[in-house]
J.: 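One structure is given below, represented as structure tokens, and several questions about it will come after.
Note that these values count all heavy atoms, side chains included, but never hydrogens, waters or copies made by symmetry. In what follows, every chain begins at residue 1, and chains take the letters A, B, ... in the order their sequences are listed.
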There are 2 protein chains.
Amino acid sequence: MSQALVDTVPPQLQLENQLCFPLYAASRMITRLYQDKLTPLGLTYPQYIVMMILWERAPCAVKVVSEHAMLNTNTLTPLLKRLEQQGFIRRSRSVDDERVVMLHLTELGRGLRDDCECVPQALLNKLAVSENDIVQLRDLLSRLLPILSAGVNDD
Amino acid sequence: MSQALVDTVPPQLQLENQLCFPLYAASRMITRLYQDKLTPLGLTYPQYIVMMILWERAPCAVKVVSEHAMLNTNTLTPLLKRLEQQGFIRRSRSVDDERVVMLHLTELGRGLRDDCECVPQALLNKLAVSENDIVQLRDLLSRLLPILSAGVNDD
DNA sequence: GGCAATAATATCGCACACGACATAAAACAA
DNA sequence: TTGTTTTATGTCGTGTGCGATATTATTGCC
């Protein structure tokens, strides 16, 4: 019945032929899977991304996190305030340049890293996806990301 | 300085080695790119996904859209109300089963499909990614999606 | 028929995302 | 130095996403 309609939809607008949809859906599914592991640690998924950046780079400016996470400050500022309230980080204006807000890890925030170490492997185990597929997908996406990012900023 | 910290972060927690981050970032970049094309048509990106499903399947129940978009009703209900307010769809309780809300396309909603036909190609042109990469990525994600989806629902 | 279990949709609260715009400090130019 | 521009961060409003829970209608079981 309504299935017959499919034939009249141009192929480039059929969900199955889109790149955008599986990307969007897969991203949300991964987020949900991570969330199960992160909630007990007191983190949301975007907060986890930000903490990964801070474990590598703190103390650093908000702008550094913004660039690496590809998130604007209007998203980051409230998120960072929540991380501060939880006691994972400290925010302070730079003395050199009063515009810059520096982010520092607290002891609690540094300790959180140990709790997160097992998270990626736990997910891989749960999913039973071949290592090969993961690597292939990661490399494809990593290659695509700069192109997408460039596309967003011009025009 | 802070760069030296990188060496102390276990490799599975370095952003570069994660699958989750490029997936998350790429999905947001794609959304932003689509949004530029969709805003003039009066659609958000998730609304566009829902409309694609409706072009193929309307009239159909909310549940059908929910399953195909992999979105819960707590996300869909407000989104569908907005689509109705814009005049793209009509919502009505089924007479057979009073629990079911049926979704119908209006003339305006059906017409919108023609305006959207050029959107996917416009993006492909803009991005200059090889056709091969796109196909490979789409197929990988499509293969991964059922596994992720299954992982979300059990345990 | 009566009544528990199930199903479809909705409400609520919280945390993103992001466009548009605001603010304040630093850099730069005339 | 003084006015303009740029930079870093922030606020505001709208629209998702989703866990937890509520509501109403149907189904199934005795």
J.: Could you grab the distance from atom CZ of B:Arg99 to atom NZ of B:Lys63, nearest 0.5 Å is fine?
T.: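 Answer for the CZ-NZ pair, B:Arg99 versus B:Lys63, is 10.5 Å.
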J.: I'd like to know if A:Arg99 reaches the base of D:dT7 with its side chain such that a donor and an acceptor end up less than 3.5 angstrom apart.
T.: yes
J.: For B:Arg82, answer base if it contacts any base atom (sugar-phosphate contacts may also be present), sugar-phosphate if it contacts only those atoms, and nothing otherwise; contact means non-hydrogen atoms under 4.0 Å.
T.: base
J.: Check this one for me: any side-chain N or O of B:Lys81 less than 4.0 Å away from OP1 or OP2 of C:dT11?
T.: yes
J.: Between P on C:dA22 and CG on A:Asn72, what's the gap in Å once rounded to a whole number?
T.: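 So the CG-P distance, A:Asn72 to C:dA22, works out to 17 Å.
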J.: Have a look at B:Asp97 and say if it touches a base, only the backbone sugar-phosphate, or nothing, with a 4.0 Å heavy-atom cut-off.
T.: sugar-phosphate
J.: Could you tell me the separation between the CD atom of B:Glu67 and the C1' atom of C:dA8, rounded to a whole number of Å?
T.: 11 Å
J.: Roughly how many Å is it from CG in A:Leu71 to P in D:dG10, rounded to a whole number?
T.: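 Rounded to the whole Å, the gap is 14 Å.
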J.: Quick check on DNA chain D: between A:Thr77 and A:Tyr24, whose nearest nucleotide comes earlier from the 5' end?
T.: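 This one resolves to A:Thr77.
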J.: Tell me whether the side-chain N or O atoms of B:Asn74 pair up with the base of D:dG19 as donor and acceptor below 3.5 Å, since no angle test is needed here.
T.: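 Side chain to base: pair found, below 3.5 Å.
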J.: Please give, in whole Å, the distance from C:dT23 P to A:Arg93 CZ?
T.: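 Interatomic distance, CZ of A:Arg93 to P of C:dT23: 15 Å.
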J.: C:dA17, OP1 or OP2 - any side-chain N/O from B:Arg32 closer than 4.0 Å?
T.: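 No.
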J.: Check whether A:Tyr24 forms a cation-pi arrangement with A:Arg28 (NZ or CZ under 6.0 Å from the six-membered ring centre, at most 45° off the ring normal).
T.: yes
J.: Closest approach to the side chain of B:Val100, judged atom by atom: which nucleotide of C:dA25, C:dC18, C:dA8 is it?
T.: C:dA8
J.: Nearest nucleotide by nearest heavy atom, which residue falls closer to the 5' end of DNA chain D, A:Met29 or B:Glu98?
T.: A:Met29
J.: Would you compute the distance between atom CG of A:Leu43 and atom CE of A:Met52 and round it to the nearest 0.5 angstrom?
T.: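 Rounded to the nearest 0.5 Å, the CG-CE separation comes to 10.5 Å.
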J.: Would you indicate what B:Leu76 reaches in the nucleic acid, counting non-hydrogen atoms under 4.0 angstrom: base, sugar-phosphate, or nothing?
T.: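 The answer is nothing, as B:Leu76 stays clear of every strand by at least 4.0 Å.
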J.: Establish, with yes or no, whether the OP1 or OP2 oxygen of C:dC16 is under 4.0 angstrom from a side-chain nitrogen or oxygen of A:Thr44.
T.: yes
J.: In whole angstroms, how far is the P atom of C:dA15 from the CG atom of A:Leu80?
T.: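 Going from A:Leu80 (CG) to C:dA15 (P), I get 14 Å.
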J.: List the atom of A:Gly42, the atom of A:Phe88, and the distance in Å for their closest heavy-atom pair.
T.: O-CE1, 4.0 Å
J.: With DNA chain C as reference, determine whether A:Val95 or A:Gln86 sits nearer its 5' end, using the nearest nucleotide of each.
T.: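 Its nearest nucleotide lies further toward 5', so the answer is A:Gln86.
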J.: Mind checking if B:Gln35 touches a base, just sugar-phosphate, or nothing, with heavy atoms under 4.0 Å?
T.: nothing
J.: In whole Å, what is the span from the NZ atom of B:Lys63 to the P atom of D:dT26?
T.: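 My rounded result for the distance is 17 Å.
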J.: Establish, with yes or no, whether the OP1 or OP2 oxygen of D:dA8 is under 4.0 angstrom from a side-chain nitrogen or oxygen of A:Arg91.
T.: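 For A:Arg91, the contact criterion (side-chain N or O under 4.0 Å from OP1 or OP2 of D:dA8) is not met.
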J.: Rounded to whole Å, please give me the gap between CG in A:Leu38 and C1' in C:dA15.
T.: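 It works out to 14 Å between those atoms.
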J.: OG1/B:Thr77 to CZ/B:Arg82 distance, rounded to the nearest 0.5 angstrom?
T.: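 One finds 10.5 Å between OG1 of B:Thr77 and CZ of B:Arg82.
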J.: Using whole Å, what does the distance between atom P of nucleotide D:dA8 and atom CG of A:Leu103 come to?
T.: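 About 14 Å, once rounded to whole Å.
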J.: Please determine, for the side chain of A:Arg28, which listed nucleotide (D:dG17, C:dC18, C:dT9) has the closest atom?
T.: D:dG17
J.: Using a heavy-atom cut-off of under 4.0 Å over every strand shown, decide if B:Thr75 touches base, sugar-phosphate, or nothing.
T.: base
J.: Between atom CG of A:Asp133 and atom CG of B:Leu19, what is the distance when rounded to the nearest 0.5 Å?
T.: 10.5 Å
J.: Would you kindly check whether a donor in the side chain of B:Thr73 faces an acceptor in the base of C:dA8, or vice versa, at under 3.5 angstrom?
T.: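 A donor-acceptor contact between them is absent.
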